[in-house]
Amino acid sequence: MGDWMTVTDPGLSSESKYISQYTSETKMSPSSLYSQQVLCSSIPLSKNVHSFFSAFCTEENIEQSISYLDQELTTFGFPSLYEESKGKETKRELNIVAVLNCMNELLVLQRKNLLAQENVETQNLKLGSDMDHLQNCYAKLKEQLETSRREMIGLQERDRQLQCKNRNLHQLLKNEKDEVQKLQNIIASRATQYNHDMKRKEREYNKLKERLHQLVMNKKDKKIAMEVLNYVGRADGKRGSWRTGKTEASFFLRNEDEMYKILLNDYEYRQKQILMENAELKKVLQQMKKEMISLLSPQKQKPRERADDSTGTVISDIEEDAGELSRESMWDLSCETVREQLTNSIRKQWRILKSHVEKLDNQVSKVHVEGFNDEDVISRQDHEQETEKLELEIQQCKEMIKTQQQLLQQQLATACDDDTTSLLRDCYLLEEKERLKEEWSLFKEQKKNFEKERRSFTEAAIRLGLERKAFEEERASWLKQQFLNMTTFDHQNSENVKLLSAFSGSSD
Amino acid sequence: MNFSEVFKLSSLLCKFSPDGKYLASCVQYRLVVRDANTLQIRQLYTCLDQIQHIEWSADSLFILCALYKRGLVQVWSLEQPEWHCKIDEGSAGLVASCWSPDGRHILNTTEFHLRITVWSLCTKSVSYIKYPKACQQGITFTRDGRYLALAERRDCKDYVSILVCSDWQLLRHFDTDTQDLAGIEWAPNGCVLAAWDSCLEYKILLYSLDGRLLSTFCAYEWSLGIKSVAWSPSSQFLAVGSYDGKVRILNHVTWKMITEFGHPATINNPKIVVYKEAEKSPPLVLGRLAFPPPRAAAGPLSSTESKYEVASVPVSLQTLKPAPDRANPRIGIGALAFSPDSCFLATRSDSVPTAVWIWDIQKLRLLAALEQLSAVRCFQWDPRQARLAICTGGSKVYLWSPAGCVSVQVPGEGDFQVLSLCWHLSGDSLALLSKDHFCLCFLETEQGVGTAFGQRGDHT
């Protein structure tokens with residue numbers, strides 16, 4: 001809305017005319033196409049614009065405004081508004097058609113410009129937002145780039161340092177290895193050198209010694225001699241003996257014998273010591289085992305015992321160990337199996353004891369931890385009851401198993417007591433064994449006695465037989481006598497016959 | 001503790017007789033035999049030249065005097081003073097001489113170790129043993145005197161010969177798997193022989209009496225090896241001290257190492273008692289100071305200038321840096337000795353020369369350590385009980401027992417530098433030897449001292 005300035009430039013205007021004519025011609029066709037559109041889409045002018053438009057041209061300056069407009073339009077290339085002038089002096093008349101055309105053109109232009117402006121504005125906005133976005137992205141990316149660059153530099157630096165260190169260490173290692181190798185080589189070479197030199201020197205020396213020996217032996221004069229007032233007796237008082245071939249051999253053998261005797265004595269002595277030590281250690285182990293068993297066995301009675309497994313194994317172990325004890329006391333050999341058994345049983349007992357102690361420790365710690373609430377007491381009681389129940393169950397099961405086992409083995413046992421527990425049974429077994437042993441010894445004694453008696457009886461029988469024989473003979477002789485006497489007296493005869501029959505009856 | 005008066009002595013040659021009745025000492029070319037208790041002179045013998053070595057025969061009836069420079073050995077009889085015997089090796093020379101266990105033969109080693117001549121005092125026979133080895137300990141007799149083991153070397157190989165001493169018959173002859181046999185020693189039970197290699201190689205071999213190899217022990221390779229070896233009197237243990245400053249104990253059943261004892265310069269364990277000898281200025285006020293650890297009766301000990309203090313752990317001991325590039329360096333275990341009941345082992349590490357370490361063998365750990373003011377020269381156990389006598393070249397003698405330890409000044413004008421010592425058979429007296437004199441120290445006269453030391457009881 002600047003000041004309207006009328007630019008009157010005749011020279012220009014004539015040129016512009018031609019230009020405008022040219023341009024208007026070119027512009028005509030498209031403008032006619034759009035003219036309708038422009039006219040349709042013309043924006044109704046507001047009153048202000050109306051007033052503004054009226055400010056330009058008023059009733060007074062129509063001619064001036066027309067000429068101004070004409071000038072302006074021709075400079076813009078539009079055709080002139082005036083009609084073609086016939087003469088110079090005559091007033092140029094307004095060409096309405098041209099004016100309308102020009103208006104149309106201007107409207108069309110205006111539309112186009114507006115659209116273009118809108119497009120440009122939207123594009124501008126878009127570009128603006130794009131620009132912002134891109135700038136943000138750019139800034140972010142720049143930051144990222146910076147950080148990653150810094151990181152990379154840092155990593156590179158670290159890598160470089162580590163590589164440096166690595167190289168140094170490699171170098172050191174190489175140096176050390178070289179040094180070690182060098183020293184080893186030095187040592188080895190020195191050793192061989194020493195040995196070689198030594199051997200050479202020794203050979204030389206031996207030669208020298210031989211030479212000297214020769215010299216010394218040659219000079220076997222009285223110089224090397226022993227001068228003694230009188231010879232002393234031997235320390236052990238024995239006389240010296242002649243050295244013949246036989247005595248030489250006997251000396252040799254005797255020496256060998258003595259030597260071996262000494263060696264054997266030494267070995268026997270050492271073995272005795274070792275056996276004694278062994279026996280002592282075994283005794284100690286047995287003692288330990290017995291004590292451990294006695295320590296663990298009363299535990300099973302207490303209901304507080306929570307380790308059911310251990311009681312079960314304790315029970316079985318006690319049975320086994322009781323058997324073992326009796327077996328081991330019977331013989332005391334140091335055979336492999338007995339030793340292994342002993343050590344295995346000790347280990348088992350020890351493990352049980354250890355677990356028991358651990359559990360007791362846990363118990364103790366738990367007791368410390370637990371407060372004295374009623375609830376806790378109750379729950380503990382319940383727990384104990386539960387454990388008792390479980391224990392009973394387990395015992396019963398074990399009893400069943402044991403009875404099953406024993407039923408199989410019971411064919412030889414004399415007394416069967418199914419009602420007692422397995423533990424008592426085995427104790428009884430032990431007792432029985434002892435009893436059996438006693439009975440066996442008794443039996444043996446009795447057998448001996450019986451034998452004796454039998455022998456005495458047989459002797460008595462033999463004696464009796466002999467006596468009977470004697471008696472028979474006596475009787476025979478007596479009968480003979482009687483018979484001889486019998487011939488004289490008849491009634492005596494009959495009596496004798498009776499007697500005879502009586503005797504014969506009794507003797508039969 | 002009673003000290004006798006000081007007598008003249010030369011070359012540290014002073015020895016008690018094996019039966020404990022006499023004491024033989026040498027002064028230049030004279031041999032003096034005294035009574036062991038009263039120190040009265042019993043016999044006096046004169047030899048032809050300065051005596052380098054004396055030795056009693058096992059039955060205490062004869063003494064040999066070896067005169068190495070002249071190549072002579074003179075033998076004297078105690079029962080018959082007019083009896084004499086002279087053995088002349090002549091041009092063969094003499095480097096060593098010793099008795100055989102029966103006391104009737106003398107073994108002379110000629111120069112260059114050419115041979116060993118066995119001279120008999122009962123018969124006219126002479127035996128020769130060829131190629132004996134010139135090493136640290138090449139001859140060893142069994143304790144019962146039956147056998148002799150001899151190290152030999154032929155054709156650059158080491159051999160051991162076992163001879164029967166009664167008739168000098170060769171019993172066994174076998175080679176040993178050593179580079180350079182340095183020493184051999186019988187176990188006290190006479191059934192095992194230990195043979196060890198020189199310090200260039202750590203190897204100790206154990207042979208049975210009949211020549212069988214029982215075992216070999218090698219702790220490490222390449223570094224310097226064995227320096228000292230000792231059997232325990234019960235033959236149960238063999239202690240091997242080496243140049244790496246450790247003692248390794250082997251047991252007689254498996255001949256494997258059961259433990260090793262290190263000798264560090266710092267002792268940290270508070271269970272170990274460390275006795276430090278400390279200089280003490282003579283007291284201004286007359287009085288006797290109690291010697292820690294306190295004992296029942298201090299006894300009439302003269303005011304000494306040093307005493308033992310129980311040092312508190314950690315204790316660091318003085319070490320000596322050995323000269324590098326030299327042979328036989330002053331490192332490693334230089335001296336080892338078992339107590340007569342085999343319960344204790346006393347050791348000295350040459351890199352800590354002022355200290356004596358006492359190890360308890362029953363518990364296999366260090367029991368006590370004694371640090372002296374000067375380097376320990378010699379220590380020896382009492383033959384009857386666990387009592388250790390130590391001398392450092394100063395004028396004091398030091399005694400350690402499990403009850404405690406004490407340092408005693410040898411009385412007399414001037415200083416009596418105790419260079420060596422040796423116990424009497426009964427453990428009642430101790431002979432202290434210096435360069436030119438010797439004196440006897442009687443240990444059983446004072447009741448208090450006797451009971452205090454006798455707490456461990458006599459082992460019969």
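So that the names make sense, note that chain A is the first sequence line, chain B the second, and so on, each numbered from 1.
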**Prompt:** Who passes side-chain hydrogen bond (donor to acceptor under 3.5 Å, both in side chains) against A/His213, sequence neighbours left out?
**Reply:** none
**Asked** Among B/His113, B/Arg115, B/Arg146, B/Gln179, which has the most heavy-atom pairs under 4.5 Å with chain A?
**Response** B/Arg146
**Fill in**
Partner of B/Leu193 under side-chain contact (heavy atoms from CB on, under 4.5 Å), picked from B/Thr140, B/Leu209, B/Thr142, B/Thr176, is B/Thr140
**Complete:** Whatever's closer than 4.5 Å to a heavy atom in chain B on A/Glu210 counts as side chain
**Request:** Go through the atoms of B/Glu111 and report whether side chain, backbone, both or neither lie under 4.5 Å from a heavy atom of chain A.
**Result:** neither
**Complete:** If one checks every heavy atom of B/Ser235 against chain A at 4.5 Å, the contacting part turns out to be neither
**Message:** Quick one, B/Glu55 and B/Ile63 - any side-chain contact, counting heavy atoms below 4.5 Å?
**Reply:** no
**Message:** Heavy-atom pairs under 4.5 Å with chain B - which of A/Met259, A/Glu258, A/Lys209 has more of them than the others?
**Reply:** A/Met259
**Request:** Could you tell me whether the side chains of B/Ser161 and B/Glu152 share a donor-acceptor contact shorter than 3.5 Å?
**Result:** yes
**Asked** So what's closer than 4.5 Å to chain B heavy atoms on A/Tyr269: side chain, backbone, both or neither?
**Response** neither
Distance-only donor-acceptor pairs under 3.5 Å for side chains of residues 65-77 of chain B, two or more places apart:
{"from": "B/Gln74", "atom 1": "OE1", "to": "B/Leu48", "atom 2": "N", "distance (Å)": "3.0"}
{"from": "B/Ser77", "atom 1": "OG", "to": "B/Glu79", "atom 2": "N", "distance (Å)": "3.3"}
{"from": "B/Ser77", "atom 1": "OG", "to": "B/Gln80", "atom 2": "N", "distance (Å)": "3.0"}

**Prompt:** Does any heavy atom of chain B fall under 4.5 Å from the side chain of A/Glu202, the backbone, both, or neither of them?
**Reply:** side chain
**Asked** Just by distance, with hydrogens left out, do B/Glu89 and B/Asn108 show a side-chain donor and acceptor under 3.5 Å apart?
**Response** yes
**Item:** Interchain contact, B/His105 with chain A, by part (heavy-atom threshold 4.5 Å)
**Value:** neither
**Message:** Can a side-chain donor-acceptor contact be found between B/Asp19 and B/Ser60 if the only test is distance below 3.5 angstrom?
**Reply:** yes
**Item:** Side chain, backbone, both or neither of B/Arg154 within contact of chain A (heavy atoms, under 4.5 Å)
**Value:** neither
